[in-house]
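What follows is a single structure, written as structure tokens, with notes after it.
Small disclaimer: the values here were computed from a predicted structure and weren't measured.
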Amino acid sequence: MLFFIMYDIESNKVRYNIVKYLERMGCYRIQKSIFLANLSMEKYEQIKSDMVEVQSLYDNHDSIIVCPVSSDILRSMKVIGQNINLDVITQSKNTLFF
């Protein structure tokens, strides 16, 4: 399952821990506050659940968005600026043999 995790978190400590957690879970950081993942439905649900728990632990005005995305939508995404290797994330590298 492909999905984005995006956040706006004020606390450096919380933000650091979220980053380390998402990296351990197998998410790829594509911008400072945006991760993209291609993980099982179970990991998707676990990440969502854990983000809800983190959000409820302290008084804040932060936001965390977990957004599923289809591979077609992801392929039609336009990246302006630094290139993002989506093939690594989607595991859809095509090889032609002659």
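Here CZ of R15 is found 8.5 Å from CG of D8. Values are rounded to the nearest 0.5 Å. Distance check: I65 CD1 to K48 NZ gives 14.0 Å after rounding to the nearest 0.5 Å. To the nearest 0.5 Å, atom CD of residue E45 and atom OG of residue S40 are 9.5 Å apart.
Y21 belongs to a hydrophobic cluster whose other members, connected by ILVMFWY side-chain contacts under 4.5 Å either directly or through intermediates, are M1, F3, I5, Y7, I9, V14, I18, V19, L22, M25, F35, L39, M41, Y44, I47, M51, V54, L57, Y58, I64, V66. By the 4.5 Å side-chain criterion applied to Ile, Leu, Val, Met, Phe, Trp and Tyr, I80 is assigned to no cluster and stands alone.
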Would you check, one step at a time, whether the test side-chain contact (heavy atoms from CB on, under 4.5 Å) holds for I30 with V79? CA-CA 11 Å; I30 61 173; V79 178; over 6 Å; no

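No side-chain donor from either of Q55 and D62 sits under 3.5 Å from a side-chain acceptor of the other.
In this view, D59 satisfies the side-chain hydrogen bond (donor to acceptor under 3.5 Å, both in side chains) rule with no residue, not counting sequence neighbours.
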